[in-house]
Structures are given as structure tokens and as C-alpha cells.
Amino acid sequence: MARDTKALSRRDVLKTSGAAGAAGLAGLAGCSGVTGGGSSEYPALGNYPVEGSEVVYGFNVPQSGSYSQEGQDELRGYNLAKKHLNNGGGWVDSWNDLSGDGVLGKTVASVTGDTATSPDTARQSAQRMISRDNAIMITGGSSSAVAIAVQELCQQEKVQFMACITHSNATTGSECKRYGHREMFNAYMTGAALAPILKSEFGANKQFYQLYADYTWGQSQQKSMKKFLTEAGWSQINSVPTPLGTSDYSSYLSDVPREKTDVLILNHYGLDGANSLPQAIQAGLDNDMKIVVPLYNRLMLKAASDSIGGVYGTVDWNWKLNDDASKSFLSAFQNEYNRVPSYAARIAYTQALQYSAAVERAQTFYPPEVIRELEGYSYNEAGLGEELMRKCDHQAMRDVLVGRGLPPSEQTDKNLLEIVERTPRDKVQYACDAGPAANCTLGNYGGENSG
């Protein structure tokens with residue numbers, strides 16, 4: 001990982017010095033006032049300083065409602081990260097910044113909340129974690145509307161938010177915040193990755209028709225698809241909003257002009273997509289046009305498994321990737337839960353570790369210093385090769401995977417799609433004054449002399 005130095009890591013010190021070394025390290029940290037405990041060179045800010053022997057992370061995920069299955073896998077990823085941070089294992093053993101004996105010598109504890117995929121509910125849950133439980137960091141989300149709401153709260157409260165699943169351009173665009181960081185790619189990057197492949201597979205000069213979930217994610221997703229497909233020479237017939245949580249799409253699908261439409265794009269996620277895609281197939285639209293689902297998740301793949309054959313979309317990560325980090329995470333997750341992880345679990349695990357590693361590099365929990373350690377940080381040990389957490393918008397620049405649903409005859413419980421392209425980050429990234437980043441104003445760090 002970038003910014004590694006030749007100095008011994010904390011794990012190296014503990015290994016070579018034993019308990020006496022650990023006590024000495026803690027003593028030195030206490031004298032310098034950088035551990036985030038009672039003695040500190042920084043002013044109180046948010047839930048800093050961290051008192052006592054534990055530090056609390058807040059895991060705020062959908063535990064009820066339509067995205068609850070995804071929330072369960074996020075919690076699995078978070079709890080595995082907590083276990084490894086405290087006891088070693090998984091990526092903690094290979095990341096030089098992490099020790100496996102907690103974070104800055106403090107045991108990582110956690111509290112959980114239920115967002116119910118509602119921005120208001122998610123904010124209330126996060127506020128309880130901050131006010132009642134003294135959480136130093138909040139992470140989670142399975143909806144961009146939820147992530148944006150919680151990110152705004154965390155900026156106000158000066159508590160860091162490490163976004164989990166959020167794909168809307170606004171999260172690191174118009175609604176970006178200094179106290180928020182996103183590992184997941186966004187809708188703009190999905191459009192950049194998908195458009196060349198769709199043109200190659202389906203041909204030039206095609207006409208497309210879009211349905212989209214009418215909230216922040218669906219709105220930015222359909223705009224991104226329009227941008228990149230029209231730049232590729234295709235033309236849009238129409239783009240029609242559908243209410244979030246729609247169960248019956250028949251009236252919308254019946255309005256699709258079969259004689260004109262070459263490609264139907266269903267900008268629906270999770271259970272919305274699990275409803276709209278099978279209904280499109282049942283209506284026979286696949287006989288007249290190709291169908292695309294820009295963003296897949298496991299919930300949708302499983303629920304719509306009979307309908308996904310040959311349907312293209314992007315995914316954040318896949319357990320079949322063959323790099324060392326992906327194989328290590330797969331092994332640790334399977335050993336813990338006896339199942340393969342979804343990309344929701346990988347993002348959750350990554351975000352908990354990324355925050356913890358930044359704290360160790362900063363040698364303090366003081367939020368502005370931790371933020372600075374994340375900004376402009378390059379890393380290559382999170383299962384997707386070389387990544388960069390940008391300073392200008394707190395968006396990770398990374399590869400984007402394009403998948404295609406397998407036909408039912410080739411599916412297994414673990415294997416529902418094939419990865420057809422790994423679009424490198426230089427093909428999907430954009431400048432800090434372009435794309436979603438052009439609308440980003442992060443705000444201040446807070447605290448004395450922090451900007």
C-alpha cells in the first residue's frame with residue numbers, strides 16, 4: 001500500500017518486543033498525546049477523544065425491508081473485520097498499517113442500527129450511535145439516499161462516515177462531504193464501463209429506451225447511461241421514471257415501443273430489478289430487443305435467476321477473482337460463515353479496515369488527521385488491484401467489473417453470472433473538474449487549525 005515507510009509496523013514491534021514492547025509503545029503514544037485517549041494535543045471534536053480501552057464503530061445497515069438480505073451480508077463483512085482487527089487474520093495480517101491487536105491499542109467494539117432503507121430512519125439510527133454510543137466512525141448503507149443522509153449528518157457531527165453500498169453520482173458529487181469516503185464505484189463509472197461493451201456486442205446506431213427508479217440513484221444512473229451511450233453513437237427514445245419499490249411494472253413495460261427499441265435499460269436495483277426484469281421477460285420484450293441491467297447485486301441475481309441469462313450489468317467485486325487479496329478474503333469469509341461473500345460483504349470489510357489503517361497511520365483518532373491520511377491514498381490490497389482514494393472528492397478510482405448473467409442451465413447457488421470484462425480505472429476515471437466531481441465541494445475539516 002502507498003505511504004508505507006521503512007519503519008517497523010506496529011505489528012512488527014509487538015512481534016519482536018512482546019508485552020514489554022506493547023507497553024512501551026503505549027507509553028510513548030500517551031506522552032505524545034496522539035492516541036485519542038484522555039491526553040491529547042488536539043481539541044475535542046465529534047466523539048474525539050476516545051476514552052477507555054475500547055473504540056466504538058457504528059454499523060448502520062438495512063436489517064429490515066427490501067434490502068435486508070444485503071444488510072445481513074454487510075454485517076457479516078463488518079463483524080469479520082472487527083474480529084480480524086482485534087485478533088489478526090485475513091487482510092489484517094498483510095496490511096502493514098494494521099496490528100491485529102485492536103486499533104491504537106484499543107479493542108474495536110461495535111453497535112448496529114437498522115436503516116430500513118429509509119433516509120430518515122437511517123439518520124435517526126446514526127444519531128443514536130453518535131450521541132448515545134459515542135461511535136467514532138459510522139459505516140453502512142444499501143441505498144444512496146440513505147448514504148447521502150447519513151453522510152450529511154456525520155459532516156455536521158464531525159464523525160467519519162465510510163460509505164458501504166451507494167452508487168449514485170451525488171454521493172461523491174453534488175452531495176459530497178469532507179467526512180465521507182466511498183470505496184464503491186458510481187453510476188458515471190458504470191456508464192463508462194458498459195457503453196463500449198454494449199456497442200461492441202449489440203452494434204452501432206442502436207435506439208434505447210430507459211426505465212429508472214425515481215430517486216437519487218436511478219436518476220443519476222439513467223443520466224449516465226444516456227451520456228455514454230449517446231457519445232457511443234446510440235440514440236435515446238425515452239427515459240421514464242418509476243416509483244421506488246414498484247412491484248408491478250406492466251404498465252411501464254407495455255409503453256415500450258417494440259418496433260423502435262433495440263435495447264431496453266432497466267435502471268432498477270435489488271428487489272426493484274428482481275421484479276422489473278422477470279416481468280419484461282414474461283411480456284416477451286426479450287424477443288424484440290436486448291435488455292440491460294446496469295447494476296447487479298446478489299439479491300437481484302438470485303431472485304431473478306430465471307431471467308438473467310445473457311443480461312449485462314456491472315458488479316462491484318466477485319468472489320471468483322484470482323488475486324491474492326480476493327482469495328484471502330474468500331477463504332476467511334467461508335471459514336467464518338460457510339458461504340461465499342457478496343460484494344456487499346467485501347465493501348463493508350474494506351471500509352472498516354481502511355478507516356482503521358488510516359487511524360494507525362495518523363496515530364490518532366482525531367478526525368481531521370484521519371481524513372488527511374485517507375485523502376490521496378493509493379492501495380492495492382482490497383481485491384481490485386491499484387486503487388486511489390482521491391483527495392478532491394473522496395471517490396475511489398478503481399477498476400469496474402462488467403458481468404453477464406448465466407443461463408439457468410449453467411447456474412449454481414454460488415455462481416450466477418460470468419465476468420466478461422474488467423474495465424481498468426484509466427478507462428472510467430474522470431478529472432476533478434469533470435463528471436460528478438465538478439459539482440463537489442467537500443467542506444471543512446473542523447477543529448482548530450484544520451481548515
Side-chain angles (χ1 to χ4, degrees), residues 58-79 110-130 135 138-154 161-172 175 177 180 182-187 190 211-222 241-249 266-277 293-304 313-316 342-348 351:
F59 303 149
N60 202 25
V61 305
Q63 299 186 60
S64 62
S66 58
Y67 293 163
S68 59
Q69 290 184 30
E70 197 158 60
Q72 290 169 11
D73 226 27
E74 289 178 67
L75 281 180
R76 293 184 186 102
Y78 286 132
N79 287 326
S110 64
V111 291
T112 62
D114 182 8
T115 69
T117 318
S118 160
D120 289 341
T121 302
R123 260 185 91 102
Q124 292 166 9
S125 176
Q127 186 68 70
R128 285 193 297 270
M129 293 175 176
I130 294 169
I138 305 294
T139 182
S142 189
S143 154
S144 288
V146 162
I148 289 168
V150 174
Q151 181 171 261
E152 181 181 34
L153 172 69
C154 286
F161 177 63
M162 302 296 286
C164 191
I165 296 177
T166 169
H167 191 243
S168 170
N169 292 332
T171 307
T172 48
E175 301 297 329
K177 295 291 183 287
R182 172 162 60 180
E183 156 79 10
M184 189 177 186
F185 65 109
N186 58 35
T190 278
L211 298 180
Y212 67 93
D214 194 14
Y215 76 112
T216 180
W217 170 73
Q219 293 158 6
S220 65
Q221 182 60 69
Q222 63 89 17
T242 62
L244 181 64
T246 297
S247 59
D248 184 357
Y249 289 90
L266 299 175
N267 298 288
H268 299 131
Y269 186 69
L271 283 181
D272 281 3
N275 284 320
S276 68
L277 177 57
V293 178
L295 182 64
Y296 272 128
N297 70 345
R298 178 180 289 177
L299 170 64
M300 181 181 175
L301 286 165
K302 282 192 171 184
T314 57
V315 293
D316 177 82
S342 67
Y343 69 64
R346 185 208 71 93
I347 302 174
Q351 290 296 72

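Keep in mind the model is a prediction, meaning the values are calculated, not measured.
How far CD1 of Ile148 is from OG1 of Thr171: 4.0 Å, rounded to the nearest 0.5 Å. A distance of 6.5 Å separates OG1 of Thr112 from CG of Leu75, quoted to the nearest 0.5 Å. To the nearest 0.5 Å, atom SG of residue Cys154 and atom CG of residue Asn60 are 8.5 Å apart. Annotation: the span from Leu244 atom CG to Thr117 atom OG1 amounts to 8.5 Å, rounded to 0.5 Å. Atom CD of Gln221 sits about 9.0 Å away from atom CG of Asn186, to the nearest 0.5 Å. To the nearest 0.5 angstrom, Leu301 atom CG is 9.5 Å from Leu277 atom CG.
Note on ring orientation: taking the six-membered ring where Trp is involved, the planes of Tyr67 and Tyr269 are perpendicular (angle over 60°, cut-offs 30° and 60°).
Taking the centre of each ring, Tyr212 and His268 stay at or above the 6.0 Å mark.
Listed by chain and residue number, Arg76 satisfy the salt bridge (charged side-chain N to carboxylate O under 4.0 Å, His left out) test with Asp73 (two or more places apart in sequence, or in another chain). Every residue meeting the salt bridge (charged side-chain N to carboxylate O under 4.0 Å, His left out) condition with Glu152, not counting sequence neighbours, appears here in chain and number order: Arg123. Partners of Glu70 by salt bridge (charged side-chain N to carboxylate O under 4.0 Å, His left out), not counting sequence neighbours: none found.
Thr139 contributes a side-chain N or O that, together with a main-chain N or O of Met162, makes up a donor-acceptor pair within less than 3.5 Å. With Asp272 contributing its side chain and Gly245 its backbone, the two residues share a donor-acceptor pair below 3.5 Å. In this structure, the side chain of Ser144 engages the main chain of His167 through a donor-acceptor pair within 3.5 Å. Formation of a donor-acceptor pair under 3.5 Å by the Glu183 side chain with backbone atoms of Cys164 is not found in this model.
When each of Asn267, Asn169, Thr314 is paired with Thr190, the side-chain hydrogen bond (donor to acceptor under 3.5 Å, both in side chains) condition holds for Thr314 and for no other.
For the residue pair Tyr249 and Thr242, no side-chain donor N or O sits within less than 3.5 Å of a side-chain acceptor on the partner.
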